[in-house]
Every structure is written in structure tokens, then in C-alpha cells.
There are 2 protein chains.
Amino acid sequence: MARPVPTAQIISVIAGVTKSTVSRALQGDERISLETRQRILKIAEKVGYTPNAVARSLTTKQSGIIGYAIGQTENVFFQEQLERISLIAHERNARLMLFSIPDGQNVTDVLPVMLQYRLDGCIVIASVPITAGAVEKCMRYRMPLVLLNRIGPKTGASSVLCDNVGGARDIVRFLLASDHSRIAYIGGRPGSAISQDRERGMREAFDTAGEKLYDERVGHFTFEGGRQAARELMSTKARPDAIFAANDLMAFGAIDAVKEIGLRIPEDVSVVGFDGARAGAWPAYNLTTMVQPVESMFTTAIEFVERQRIEPLRPPETVYIAPQFLQRGSSRLPKARTPGFVGSPEPIRKKGR
Amino acid sequence: MARPVPTAQIISVIAGVTKSTVSRALQGDERISLETRQRILKIAEKVGYTPNAVARSLTTKQSGIIGYAIGQTENVFFQEQLERISLIAHERNARLMLFSIPDGQNVTDVLPVMLQYRLDGCIVIASVPITAGAVEKCMRYRMPLVLLNRIGPKTGASSVLCDNVGGARDIVRFLLASDHSRIAYIGGRPGSAISQDRERGMREAFDTAGEKLYDERVGHFTFEGGRQAARELMSTKARPDAIFAANDLMAFGAIDAVKEIGLRIPEDVSVVGFDGARAGAWPAYNLTTMVQPVESMFTTAIEFVERQRIEPLRPPETVYIAPQFLQRGSSRLPKARTPGFVGSPEPIRKKGR
DNA sequence: CTGAAAGCGCTTACAG
DNA sequence: CTGAAAGCGCTTACAG
């Protein structure tokens with residue numbers, strides 16, 4: 001009943017070999033005779049042996065655990081993806097340890113715990129503040145750090161970004177190509193890197209096209225922010241005929257605001273977001289958006305952790321991955337197919353900027 | 001530059017004591033003289049020492065890690081809460097290791113990994129299937145198992161549940177008290193425990209009141225299911241004047257369906273959900289709902305893990321925690337305040353049923 | 001093909 | 001008040 005949890009030691013006794021042999025056999029080491037290996041496997045199976053990962057970690061100096069730091073943000077996009085992300089990690093033989101950073105705190109506050117567990121690395125989403133000191137400490141402890149959607153302070157951390165600049169640019173190009181002439185923009189949190197990148201892409205697209213942004217507001221990436229912004233935008237005499245919100249959450253708020261005023265989407269105004277949040281698929285929103293390539297972003301992040309672990313002197317890397325345009329019903333179709341605009345570019349990767 | 005990660009060993013050398021003393025000093029052991037303790041603390045600080053939790057786990061046989069198994073469900077309610085949940089865990093000095101169970105798999109499929117890490121326990125949300133075999137294996141490995149929102153197979157796992165029966169009952173009572181006479185119900189996934197509990201509460205309330213359920217459909221807990229169900233319900237000659245959906249996601253779908261038909265909420269029909277999902281706060285939904293007491297549910301789950309670890313022979317426990325009614329705009333107000341209905345019961349706990 | 005030994009970095013009875 | 005020693009359950013050069 002209360003029999004002890006089986007160890008390699010007891011298997012070795014049963015098999016009449018040493019635990020070295022058991023350890024090797026369990027790892028499928030070819031140097032152990034097939035006969036012995038099979039015998040040991042069988043015994044392990046029978047006693048219900050499960051290797052102790054803690055002990056293994058101690059000797060191999062690999063925990064097999066990657067930290068994943070999420071922030072207390074209202075924009076739950078990356079939380080929505082968590083099951084996917086966790087699955088991707090497990091497929092790559094990594095476990096995810098979750099760290100939730102409360103508002104007002106930053107990575108430094110949980111760093112001690114991360115370090116204690118000797119994590120193989122840590123992935124930090126954009127909404128979590130990080131300091132140069134934290135990056136340095138991670139380097140000292142050789143814990144690879146991968147930042148999502150932003151470049152870190154000091155060059156000690158790798159970065160995996162959605163191509164926010166390019167994505168925003170494509171959205172504006174799409175809106176222009178679909179005969180919108182009064183395009184308004186709702187920006188995110190002014191300080192944030194994502195916000196700045198998306199805004200830059202947006203402006204570049206207008207410049208390139210020789211067109212002008214019609215109006216703009218700041219929505220702080222929140223639902224209410226987007227709602228309020230849209231309310232203001234739509235209350236002018238000559239209303240915009242398109243709203244590009246820097247994230248989906250604000251776009252949802254904007255759509256609700258537009259409907260509250262009694263206007264129709266997309267007949268009176270097109271609304272486009274950025275992210276690919278779930279609720280965008282709901283009929284109430286049916287949101288045209290630029291989908292972040294979560295799958296490849298996360299796979300890449302884990303690869304970065306892995307590489308850095310194997311090759312500690314390898315310099316940190318940065319990669320941009322193209323988002324995918326998803327056209328739904330919240331935006332007007334182009335009157336005529338404009339060959340200039342490519343709807344859904346292949347998700348290509350580009351190094352550097 | 002490439003200086004090694006400091007250990008208790010090197011601190012002991014610097015301090016001129018043994019590592020036993022260092023270990024004790026760092027734990028604040030009163031038996032070590034204050035002078036020595038402070039000296040060691042200072043040195044630890046200076047060299048940037050971080051204890052190795054892996055090594056500690058090996059000796060203490062406590063990993064400090066709790067598994068958290070989530071399913072591949074469309075209903076992201078518990079995913080939305082993940083940052084809260086992770087925070088609660090950290091506050092109680094536990095780390096969360098995430099396990100994502102793909103559709104069609106169950107806990108058994110990830111159990112080996114959970115066991116390998118010698119988790120202090122594992123919390124499993126209701127959407128993840130679990131077998132009696134898995135429960136047994138956890139017991140053999142003395143890994144406490146806590147099930148959320150359902151009772152496990154065999155009595156080897158503890159359970160923490162939202163009082164789904166009582167919550168559903170209160171919703172029906174509320175609807176009856178607010179002068180609805182044709183109340184329809186959209187059920188969840190027929191096989192699921194949550195679904196059955198909520199349905200039972202619903203029926204009990206009608207029986208007790210001597211009233212009858214007007215109509216019903218099955219929505220499988222999905223957005224589309226709720227939408228389709230509502231579409232059908234509302235296309236009858238004498239439409240329901242209230243819809244109670246067994247979860248918020250279906251309620252969202254139902255609301256969209258109702259609006260698509262051109263009807264108003266709550267004037268033409270009240271819609272009430274169950275869960276307390278974020279989107280319920282958005283103006284598009286503004287959903288009256290029964291909020292699951294996530295905070296206390298999770299705190300309790302961690303406490304259960306903790307207790308069972310300390311006292312392995314302690315029998316598994318089951319607790320029901322009252323949800324909290326949240327009235328928003330999707331439901332009609334009672335014509336007259338009915339003293340019979342208590343809107344927001346205090347979140348009380350009751351043992352057993 | 002297998003074993004004996006050392007070691008990973010801690011903690012904790014047992015002494016003194 | 002502190003130390004010497006054993007042990008947690010593995011892995012992995014080094015031998016043979």
C-alpha cells in the first residue's frame with residue numbers, strides 16, 4: 001500500500017546490475033546489450049518506474065523547464081493562446097513554468113524564483129516590463145532570455161517579434177486599396193514598443209502612398225480606450241470611413257461604440273484590428289485583423305532558448321515573423337481588385353530589420 | 001565574466017564556516033549566532049547567491065511546483081483567469097507548471113511527465129478527462145490531485161467546485177422573480193459534470209417554484225452552439241422572454257443571434273449566462289451572469305494540495321463554493337423588488353452537498 | 001558490455 | 001553554536 005516510489009536503485013537490484021547500467025539502459029544507450037536493456041525496461045515497466053527529473057536536472061544541469069512571464073494586462077491575447085503555447089513547448093520537450101507579473105512590478109521581482117529553479121530559459125511577453133539589470137542577472141546565471149514583440153534593454157536577450165511595422169503598413173495599404181479616403185487610427189499605449197512599431201508602419205504606409213492619416217486618438221490598448229476613441233472619432237462632422245485600431249481589443253470597443261451611435265459596419269465605417277483574438281470570430285465583431293503568428297513565434301522562442309543553452313557564447317538573436325492578414329466582415333471590400341495589394345502574404349521570416 | 005554560478009559551498013569558504021552553517025543561516029535558523037547569520041547573508045548578497053531549488057527539492061522531496069492541467073476547450077474562461085491563478089499560487093509560495101491536454105487525450109497522457117517532476121500536486125480543470133487509472137497512479141506516487149468543478153472517478157482525488165447547482169437555481173429564481181414567464185434553457189455538453197449540475201439546479205428551481213421550463217436546447221458550451229440554439233428558440237411563434245445559457249460563451253452566441261434577428265435585449269428577451277467571462281463586461285454583451293469564485297476556488301485547491309502533502313493519509317476533501325450573481329444589462333429588472341430573491345449571496349462555503 | 005566512483009548542490013539528523 | 005557525514009536519485013567520465 002504505502003510502498004515507496006521506485007528508484008533506479010531498486011530496479012538495479014532486481015535486475016542484478018548496477019544503477020549505472022539501469023540509467024544507461026533507460027536512456028537507450030547502445031552500449032548496453034539489447035538483452036539487458038529489454039530486461040531492464042521490462043522491470044521498470046512492471047514496478048511503474050518514473051525517473052526523477054529533479055535528480056536528473058541536478059546532474060545534467062538542465063531543468064527542462066522554461067519560464068513564461070505574462071503580465072496583468074487587459075489584453076488577453078497571449079493568455080488566450082496559452083494552451084497552444086504550452087502544447088508547443090511540450091512537443092519540443094520543454095515544460096512551462098508560469099510567472100504572472102502584477103501591475104507595477106517587473107521581471108526583477110520574480111527573477112529570484114526563476115533563477116532558483118535553474119530554468120533553461122525564460123520567455124517574456126511584451127506587456128511585462130524588464131530592466132537592464134534583470135537582463136544582466138540572467139546572463140550571469142546563464143539563463144537565456146527571449147523577449148516577445150520587443151527588443152530588450154542592453155543586448156543580452158534574444159527577441160522574437162511579429163512584424164508589427166509591416167503588418168500595420170499592410171493594413172493601411174489594404175484600407176487605401178479598398179477605397180477608403182478618411183482613415184483614422186487608434187493608437188495603443190504610447191510608451192510601448194508594440195504601439196510604436198505599429199504606429200510607425202501605419203505612418204510609413206501613408207507616406208509611401210502619398211496619402212494622409214485623417215484623424216487619430218490614443219486608446220491605450222484597452223477595450224474602453226478603443227470605445228471612447230471611436231466615439232470621439234465618429235462624432236465629428238465628416239466622420240472617418242475607416243478605423244484602424246492598433247489591437248483587436250480596442251477594435252472591439254470601437255465596433256461597439258460605432259453600433260451604439262447607430263452606424264453600420266462596414267457600410268458606414270470599416271474597422272480593422274491587429275492580433276487575431278478569438279472574439280474577432282464572433283458575429284458581433286466579425287473583425288478583419290492582422291493575425292500574430294503565435295505558433296512560429298513561440299516555436300522560435302523555444303529554439304532560441306535551446307540554442308543559447310547549447311552554445312552559451314552565441315550572441316542573442318532577433319527575428320521578425322510576418323503576421324497574416326485575415327479579412328472578415330468588419331471591413332469594406334475593394335470596389336475593384338487592386339493588384340497592388342497582396343491580401344495574405346506568406347508568413348515569411350526576415351532577419352533584422 | 002564567465003564566473004561560475006555561486007553555490008553554498010563557495011559562500012562557506014568565504015565565510016570560513018561549513019556549508020551546513022551556510023544552509024542553516026540562509027534558512028534563518030535561530031541556532032546559528034546572529035553575528036554569523038548576518039555575515040553569511042551579507043556574503044550571499046554580495047556574490048549574488050541564489051539557492052538551487054533543484055538540489056533542495058531533491059533532499060526535501062518537495063518541488064514547490066504544482067501542475068495545472070488545462071484542456072483544449074473553446075471556453076477560455078479558466079485561461080482568462082490564468083494570470084490571477086498563477087499569482088495566487090506564487091503568493092502561496094507555489095509555482096505552476098502548465099500542462100495542456102489536447103482534444104481527445106486525457107490526464108494519463110501527460111501523467112508520466114508530471115510524475116517525473118515529482119510535483120507537489122496537480123490541479124485539473126473540468127474540461128480535461130481523467131480516468132480512474134490516472135487517479136490511482138497519482139496516489140501511488142503520492143501526488144495529490146485536485147479536480148476543479150467535478151467529482152473524480154474513485155475517491156482518490158479532492159474536488160473544489162463552484163456550487164453550480166445552487167448558482168443555476170438562483171438564476172432561475174431571479175428570472176422568475178423578474179416576471180419572466182417563458183424561460184428557455186441552453187444546456188452545455190450533455191456528458192459533462194458541470195453541465196449536469198447546472199441543469200439539475202435549473203430544474204430544481206422550476207420544481208420548487210411550481211413553474212415550468214418553457215423550452216430548451218443543447219449548445220455544447222460553444223459560442224456557435226449558443227447562437228444556433230438561440231436562433232431556434234427565437235424562431236417559434238411564442239418566443240421565450242428569457243434565455244438562461246449554461247455558460248457565458250453560449251450566452252454571447254445567443255445574444256448575437258437575438259440581435260441578428262432584430263430583437264432587443266432585454267426588452268424582448270433577457271439573456272443570462274454563467275461563469276463571469278471578461279467579454280461579459282463589454283457593452284455589446286453587458287451580460288448578467290453567475291460569477292465563478294475563481295479566487296477562493298483556486299486558493300482552496302492549493303490548500304488541499306498542501307494539506308495532503310503534509311498529511312498523506314488524510315482523505316481527499318470536497319468543497320463547494322458559492323458563485324456570485326452579477327446583474328448587468330442583459331436581463332430585465334423585476335417589476336417590483338421581490339424580497340424572496342437575494343441578488344448576491346455572500347460567497348459562503350459549504351461542505352458536502 | 002558493465003561496474004565502481006565521483007559528483008550535482010543542497011538538507012538534516014547526530015555529535016560535540 | 002557549529003561541524004562532519006550521509007543521503008536525496010540521478011549521470012557520466014574512467015576503467016576494464
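Lettering of chains follows the sequences in order, A, B, ..., and the numbering in each one begins at 1. Keep in mind that the numbers below use all heavy atoms, side chains included, and drop hydrogens, waters and symmetry copies.
Side-chain atoms of A/N149 and A/F78, non-hydrogen and from C-beta on, do get closer than 4.5 Å to each other. Residues B/V107 and B/P129 have side chains not in contact (no heavy-atom distance under 4.5 Å, counting atoms from C-beta outward).
Using modelled atom types, one finds a donor on one side chain and an acceptor on the other under 3.5 Å when comparing B/Q27 with B/S23.
Atom CZ in B/R37 sits roughly 9 Å away from atom P in D/dC1 (whole-Å rounding).
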Open item on the list: For nucleotides 9-16 of chain D, give me one character per nucleotide, 5' to 3': B if any protein heavy atom sits under 4.0 Å from the base, S if the only such contacts are to the sugar-phosphate, - if neither.
Closed with: BBBBBB--

TODO: Walk me through it: do A/V146 and A/Q308 pass the test side chain to side chain contact (heavy atoms under 4.5 Å, CB included)?
DONE: CA-CA 10 Å; A/V146 180; A/Q308 193 99 28; over 6 Å; no

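Ring centroid separation for the pair A/Y68 and A/F298 comes in under the 6.0 Å cut-off.
Between A/E311 and A/R307, none of the side-chain N atoms (NZ, or NE/NH1/NH2) sits under 4.0 Å from a carboxylate O, so this pair counts as no salt bridge. Contact check on A/R39 versus A/E35 returns a salt bridge, with a Lys/Arg side-chain nitrogen under 4.0 Å from an Asp/Glu carboxylate oxygen. Under 4.0 Å is where a charged nitrogen must lie from a carboxylate oxygen, and between A/R309 and A/E306 at least one such pair does.
Taking a pair as Watson-Crick or G-U wobble with both distances under 3.5 Å, the runs of three or more consecutive pairs in DNA chain C are C:1-3 with D:14-16, C:5-12 with D:5-12, C:14-16 with D:1-3.
For B/T36 and D/dT2, the shortest distance from a side-chain N or O to OP1 or OP2 is below 4.0 Å.
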